[in-house]
Structure formats: C-alpha cells, structure tokens
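Residue numbers begin at 1 in each chain, while the letters A, B, ... track the order of the sequences. All of these numbers come straight from a predicted model, not from anything done at the bench.
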There are 2 protein chains.
Amino acid sequence: MNKPYQILIADDHQMFIDGIKLIFSNHTDYEIAAEALSGMEVLDRFKTQKFDIAILDVNMPKPNGFETCKIIKKQYPDCKIMILTMYAEGQFLNEFMDSGASAYVLKNAGKAELLRALESIVNGQVYIGKQLKLIVDVPQKDGFSKSFSLTKRELEIIALLAKEKTSAEIAEILFISTYTVNTHRKNILHKLDVKNTAGLIKYASENGIV
Amino acid sequence: MNKPYQILIADDHQMFIDGIKLIFSNHTDYEIAAEALSGMEVLDRFKTQKFDIAILDVNMPKPNGFETCKIIKKQYPDCKIMILTMYAEGQFLNEFMDSGASAYVLKNAGKAELLRALESIVNGQVYIGKQLKLIVDVPQKDGFSKSFSLTKRELEIIALLAKEKTSAEIAEILFISTYTVNTHRKNILHKLDVKNTAGLIKYASENGIV
DNA sequence: TGAAAAATACCTATAAATAGGTATTGTGAT
DNA sequence: ATCACAATACCTATTTATAGGTATTTTTCA
C-alpha cells in the first residue's frame, strides 16, 4: 500500500468542506491534509506543505478557482488540480482548459463520480463531469465577471451582441436608448482593448463570457 | 460475467483497425463486433446490428467522425461514442462537446489509456485524453474544413476578420479588390447562416476555425 | 476536355458601427 | 458628505458593413 495522496480542499463554505471530508474519512488512498476558505489561503498552505491534489471551488474569493489553479501550476506543476463548480457553467470550459487543471466536476456529482475523477487525474488524465457537457447560456454569476472589469450591463450587451443583435435591437430589448447602447459598446471596446465587434466576440468566446 | 460490450470500430486505415483489434483480442469485457472504413459504412452497420460503443476516427471520410457521431446519437442515444484523432487538434474541443461523444482520445494514446477511456464511458462519464489539453492554434488540416463547406480563401478571410481587420485592410493584405473581399464575406455569412460579423466570429470560435 | 466550384470584380443603396465629444442621475463605499 | 463608478442620454461625422444584383476568369476534378 502506498502512502495516501495528500489533498488540499478549498471552498468558501466550511460546511461543504466538511461534507467532502466525510467522503474521504474511510478512504485509505486519499487524505485531506489541509483546507482553505479562499484562494489566498490556498497559496499560504502551499508555502508550508506539499500536496498531490488540490480541489478548488470556482467561485471561491480572491483569487477564484481558475486563477488560483494557474498560480499553483506555475509553482508546483506536479500537483494535480480538480475544479469544482456549483452550477453547470459550460461556458468556462475554455478557461478550464487554459488553467492547467486536470478535472472539472459539478458539486452535485456525488461520491462515486468524485472518486472516479480522482482516480483519473492521479493517472494523468483529464476528467470532465458528464453534466457539464450540454449546458449553454447560463447567466454570468456576479463577482466572477469582475475579473474582466466589465459591468453587469456591459455583460448583458455582450451577450446580446453574441446573439447577432444590432444596437437598435439591443436598445429595444433592454428598454434603453440606442445612444446608451452605443456608449456601452464604445466603453466595452476600450476596456477589452479591441478594435471592433469581431475582436469583442473573439475575446468573449475565448474567455467564456458568451 | 456480463456479455462483452459490443464495439464498432471505424477508421479509413485498415491497418489501424487491425491494431485496435489486437488490443481487444485477449479481452473478455469488450468485443469488436464490426468495422467500417467510412462514416457511411458506420451508418450501414448500425442498420443491421446493435452496438454499445462506437470508436470513430475524426478524419474519416464522408461523413467525418463528429458528423457521424451526431447522426448515431440521434438514432441510437444509448450508444457511447469514442472519438479518435491523429493530431492533437485541441480546437475541435467545442465540436466534440457538441457532438454528444463520450471520449476524445489521441491515436497514439496507447493500450492503457484506451482501456481507461472505455471504462470511463461505460460508466457514463466523459473522457478527454491528457495530450489534447495543451494544444492551441494547430493549423487546420485540409479536407476537414470542407465539412463546413468553407473554401480556403474564405477561411483566410475569417482568420483576418478575427484579427480585427476591415474589408479594406484584408483586400490590401491579400492583394485583391475590396469588392472581392465583400463578396467573400457575403458568401461566408450565407454559408454559416449567421447575420453579421459577430455571429461569424462566434461560430468560428466555437468550431475552432480561429 | 468539359463541367463545377472557387476566386475574382464591379455597382448601388441602405443600415450599422465607430470615434469624438459632453452631461446628468443614482448608488455604493470610505 | 463626498468620491468614484455605473448607467443613462444626446449630438455629429465618418467609416464600415450588409444586401441586392451581375459577371468574368481561373482551378479543380471527374
């Protein structure tokens, strides 16, 4: 029997962490060696301890799961990372692929899938939860989009642009003036540092905004 | 012991099929029940036989792996499908997610990974080969982009549009008239059935064209 | 070698997007 | 209470994109 895999678990809800710990309590292959309530805490733990696997919540505060994942992967490339998400936010798939994580699983996946995912990643494979496959167009959770410094309204307009709407159509849908829509579009182009709608949509696609 | 899983294997190179058959020859869990050299042949086999798993090559002729996959999934939703690819074409990931397939594996993955992937998918999970994770921006293989019925020139123009170029700029780059560029753009919008450049870029992003 | 597909080019009119401004109101945080 | 920011709105001028055509030349493939 090998030494159990050392796992760090991070989520902003202690209750969820406790649930996960229960799952592993009678498992000899895996050991919850540390826990964290934020991205910062995760990085702190890594400074004093070595982990084989980190299980990170996407919506965790400062920095979020993907950002934390990238930082860890840079400093400790051997550590495998599993990203957990509450909602079936399929649009984060590209971000997941870029983050260097090894697994992407829904929180309501259940014990069996969690263990299967772990088994996969310790064998060097990438695992994506079944339910994440079919989801599209889930509205953006706030606090997450902040990292792009785009406002709620701006995200709404991007979403409508991605649906091939013109400024006039967007104005009608949102009950605002076409002038306002154009002001927003102007601001979006500046914020994302792109030249036109083509660049905007490309950026949005690459970053899972649409 | 259960009845072995009935597998259909499809690839345009017979030699590759024979290799796969060797892998399964001493396996009691899986049985290669049929083989096919093209998408059409795959669909023919399904008319007379029932399969638990279909292993499809992406670059297979008429129709290709993803298209074949979609057709099978519509008529036989219970059949699990594994997509094999020769090159680490990471940009087809979205297409994979849309196709309804359960696994996406590199051909040079080796016996162990093949079996692990199969184990995953019969358990209802989605499996993506490790090597497919890091690849970006692999140039489009010809014959594959044909499935979108976009010509080489049209793909060039899409690529330039994604780089935020205007029709006039594209004309200059390609040494052709702005009129010609606009004709191409018109044709592209029709072919992809999108209303404007936003839709075009979104489609291109989702399908790995850019 | 003949037919089909691709690439080229032109014309016109309208619709939409972009860039440059300015300015007011509401809201949330320090 | 003040400051920053978000959201709103307006104006103008110019550039770009889109839609409707037609038509010729070049490539490719059967």
Undergrad: Write out a two-atom table: protein N or O, nucleotide N or O from nucleotides 20-23 of chain D, distance below 3.5 Å.
TA:
unit_1 : atom_1 : unit_2   : atom_2 : d
D:dG20 : O6     : B:Lys186 : NZ     : 2.6
D:dG21 : O6     : B:Lys186 : NZ     : 3.1

Undergrad: Over how many whole Å does the gap from B:Ile157 atom CD1 to C:dA9 atom P extend?
TA: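 So the CD1-P distance, B:Ile157 to C:dA9, works out to 11 Å.
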Undergrad: What parts of residues 165-176 of chain B reach DNA chain D, counting only heavy atoms under 4.0 Å away?
TA: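 Those residues whose heavy atoms fall under 4.0 Å from DNA chain D, taken from residues 165-176 of chain B in numerical order, are B:Thr166, B:Ser167.
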Undergrad: Give B:Ser177 one of three labels, base, sugar-phosphate or nothing, depending on what nucleic acid heavy atoms sit under 4.0 Å from its own.
TA: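 Sugar-phosphate: the residue B:Ser177, judged by heavy atoms under 4.0 Å, touches backbone atoms but no base.
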Undergrad: Indicate, with a heavy-atom threshold strictly under 4.0 Å, whether B:Asn196 touches base, sugar-phosphate, or nothing.
TA: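 If one applies the 4.0 Å heavy-atom cut-off, B:Asn196 turns out to touch the sugar-phosphate alone, with no base involved.
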Undergrad: Please list all pairs passing the side-chain hydrogen bond (donor to acceptor under 3.5 Å, both in side chains) test where one or both residues lie in residues 171-182 of chain A, with sequence neighbours left out.
TA: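 Residue pairs passing side-chain hydrogen bond (donor to acceptor under 3.5 Å, both in side chains), neighbours aside: A:Ser167-A:Asn182.
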Undergrad: So how far is it from B:Thr197 OG1 to B:Leu189 CG, rounded to the nearest 0.5 Å?
TA: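 So the OG1 of B:Thr197 and the CG of B:Leu189 are separated by 6.5 Å.
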Undergrad: For B:Arg153, check salt bridge (Lys or Arg N to Asp or Glu O under 4.0 Å) against everything at least two apart and list the hits.
TA: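 Listed in chain order: B:Glu156.
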Undergrad: Can you tell whether the side chains of B:Glu154 and B:Lys191 come within less than 4.0 Å, N to carboxylate O?
TA: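 Looking at B:Lys191 together with B:Glu154, the answer is yes, because their closest N to O distance falls below 4.0 Å.
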Undergrad: Just the rounded figure in Å: distance from C1' of D:dT16 to CG of B:Asn182.
TA: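 Taking CG of B:Asn182 and C1' of D:dT16, I get 9 Å after rounding.
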Undergrad: D:dA17 P sits how many Å from B:Leu161 CG, rounded?
TA: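 Computing the B:Leu161:CG to D:dA17:P distance gives 8 Å.
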Undergrad: Ignoring hydrogens, what is the shortest heavy-atom contact between A:Ala33 and A:Gln6? Give both atom names and the distance.
TA: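 So the minimum-distance heavy-atom pair works out to CB-OE1, 3.2 Å.
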Undergrad: Verify the contact: side-chain N or O of B:Tyr179 to OP1 or OP2 of C:dC11, cut-off strictly under 4.0 Å; return yes or no.
TA: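 So the side-chain polar atoms of B:Tyr179 do come within 4.0 Å of the phosphate oxygens OP1 or OP2 of C:dC11, strictly under.
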Undergrad: Are any side-chain N or O atoms of B:Asp57 and backbone N or O atoms of B:Ala10, one a donor and one an acceptor, separated by less than 3.5 Å?
TA: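 Not at all, since once roles are kept as given, no pair shorter than 3.5 Å links the two residues.
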Undergrad: For residues B:Phe51 and B:Ile7, report the shortest heavy-atom separation together with the two atoms involved.
TA: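 So the two residues come closest at CD2-C, 3.9 Å.
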Undergrad: For A:Glu164 and D:dT18, give me the distance from atom CD to atom P, rounded to whole Å.
TA: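 My rounded result for the distance is 10 Å.
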Undergrad: Can you give me the N/O atom pairs linking the protein to nucleotides 24-28 of chain C at distances under 3.5 Å, or say none if there are none?
TA:
none

Undergrad: Quick one: is D:dA7 close enough that its OP1 or OP2 comes under 4.0 Å of any side-chain N or O from A:Thr180?
TA: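 So the side-chain polar atoms of A:Thr180 never come under 4.0 Å of the phosphate oxygens OP1 or OP2 of D:dA7.
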Undergrad: Angle, rounded to 10°, between the helical axes spanning five pairs at each terminus of the helix from C:dT1-D:dA30 to C:dT30-D:dA1?
TA: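 So the angle between the two local helix axes works out to 70°.
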Undergrad: Do the side chains of B:Glu169 and B:Lys163 get close enough for a salt bridge, i.e. N-O under 4.0 angstrom?
TA: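 A salt bridge is absent here (no side-chain N lies under 4.0 Å from a carboxylate O).
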Undergrad: Counting only side-chain heavy atoms from C-beta out, which of D:dT18, C:dA7, C:dT18 sits nearest to A:Arg185?
TA: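 The nucleotide sitting nearest to the side chain is C:dT18.
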Undergrad: Given D:dA7, C:dA19, D:dT12, which nucleotide is nearest the side-chain atoms of A:Leu189?
TA: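 Ranking D:dA7, C:dA19, D:dT12 by closest atom to the A:Leu189 side chain puts C:dA19 first.
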Undergrad: Could you work out which one of D:dT18, C:dC11, C:dA7 sits closest to the side chain of B:His184?
TA: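 Output: C:dA7.
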Undergrad: Between P on C:dA19 and CG on A:Asn187, what's the gap in Å once rounded to a whole number?
TA: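 Answer to the nearest Å: 12 Å.
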Undergrad: Can you check the A:Lys195 NZ to D:dT16 P distance for me, whole Å?
TA: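 Distance, rounded to whole Å: 9 Å.
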Undergrad: Measure the distance from CZ on B:Arg153 to C1' on D:dT27 and round it to the nearest whole Å.
TA: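 Going from CZ in B:Arg153 over to C1' in D:dT27 covers 13 Å.
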Undergrad: Does atom NZ (A:Lys195) have a neighbourhood of more than 12 heavy atoms from anything else shown, all under 6.0 Å?
TA: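 Result for NZ/A:Lys195: enclosed.
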Undergrad: From CD of B:Glu154 over to P of C:dA5, roughly how many Å is that when rounded to an integer?
TA: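 Spelled out: CD on B:Glu154 to P on C:dA5 is 13 Å.
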